[in-house]
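Quick notes on the structure that follows.
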Amino acid sequence: MPLENRYDLQQLLLVRMDIPQWHTIWQRNFTRVIPFLDFCQISPSDRLQILSSSPFPINVPERIAKKIEKGSIDDPLFRQFAPLMAEETATAGFDADPLHETTAHCTENILCKYHGRALIITTRACGMHCRFCFRRHYPYCQGPSDFHDELSWLHDHHEIDEVVLSGGDPLAQPTSHLERLLSALGKISHIKRIRLHTRFPIGIPERIDDELLSSLQKIPQQLLVVLHVNHPKELDDEVIVSLSRLRRLGIPLLSQTVLLRGVNDRVEILESLFSTLGNAGIIPYYLHQLDRVLGAAHYEVPVQKGLALVEALRGRMSGYLVPQYVQEVAGRPCKMAVSTAITLS
Ligand code: SF4
């Protein structure tokens, strides 16, 4: 049977079985190191720098693997998703819970870090595993949740007017689950805004499908989507088109970026990233100093260098395209401008 006919047949079966296309694509992610290195054509000598397994397993969408320059361990996408030996180097100041989130719970799945806002850990799953993730050691609760305790807590706390859907990645759950949660949040009148933080469309843009868009349209509150994106290579045409479907619904799109050594710590790269975002109608919101999580020290960019990069961007770009350079400091009532955080440390 010709390939295209087999593809049609596969689509038909998926529709019959009610499995969305994005989910099938997601299941093709690389989740073992050797096949991923083979696909990226990494040489035997370079493989000596890479862990063969990790308690935080690799998880790389095919789409991202295809964009990696073959044979290069310096590729900015490879560096974000491949487990380097450096992860096993213990570094002073880096620990498993850098933001003290395990002590910030209001319920099992709600973190209360800032005034007026509550963050729901909607799922432990992600579209991909970023090696520098500050939740890479997070003790996620096991199994599905109906968020009964979370919704009841939110009902009782009238001071909360904004809810952040985080994880994991909220778009890693089936749309029907997300819709149930959104619909329940929609009935809590003191919640005025819902912010959805995601990285999923970077690896699997098919996630922004008709079913999701129809669910998002039903929310009475103002919805905002914050996209995690670190390098212009992540933003190909298909990714941008899928994001524009959200924008066309009137959903404001913001971005957050982690400053990462060997990935985006050059002014030309950041300029290209933020102008590509601006061209797509996505406002660069935050540039984060790396959270000092165990296993990620090799990604840290010195703050003085970060400050110089941001200053250089200000001289080259419109002000609204230069994000706030911030650092989260455990126990502080808000994210802090990096310059302030240095003064206080
Ligand atoms: S997608 Fe977000 S939550 Fe998931 S591993 Fe990456 S940074 Fe962490």
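For clarity, every value in this text was computed on a predicted model and none was experimentally measured. Ligands are counted one by one from 1 in listed order, and the atoms in each one are counted from 1 as well.
- Side chain to side chain, Arg195 and Ser166 fail the donor-acceptor criterion of an N or O pair below 3.5 Å.
- In this structure, His228 is part of the shell of residues with a heavy atom less than 4.0 angstrom from ligand 1.
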**Request:** For salt bridge (Lys or Arg N to Asp or Glu O under 4.0 Å), just list the numbers for Lys233 and Glu69, CA-CA rounded to whole Å, side-chain angles, deciding distance to a tenth of an Å, and then say yes or no.
**Result:** CA-CA 11 Å; Lys233 245 179 129 167; Glu69 184 189 337; 5.5 Å; no
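- Nearest heavy-atom pair, Val267 versus Ala312, reported as atom, atom and distance to 0.1 Å: CG2-CB, 3.7 Å.
- Here the protein heavy atom with the shortest distance to atom 8 (Fe) of ligand 1 is Cys133 SG, 2.3 Å.
- Distance check for Cys130 against atom 8 (Fe) of ligand 1: none of its N/O/S atoms falls below 2.8 Å.
- In summary, the atoms of ligand 1 found under 4.0 Å from a heavy atom of Cys126, numbered by their order in the structure, are 1 (S), 3 (S), 4 (Fe), 5 (S).
- In summary, His129 places no N/O/S atom under 2.8 Å from atom 6 (Fe) of ligand 1, failing the contact criterion.
- For Gly168, the heavy-atom gap to ligand 1 drops under 4.0 angstrom.
- By the 4.0 Å N-to-carboxylate-O rule, Glu62 lies close enough to Arg28 to be salt-bridged with it.
- Across Gln221 and Ile191, no two heavy atoms sit closer than the pair CG-O, 3.0 Å.
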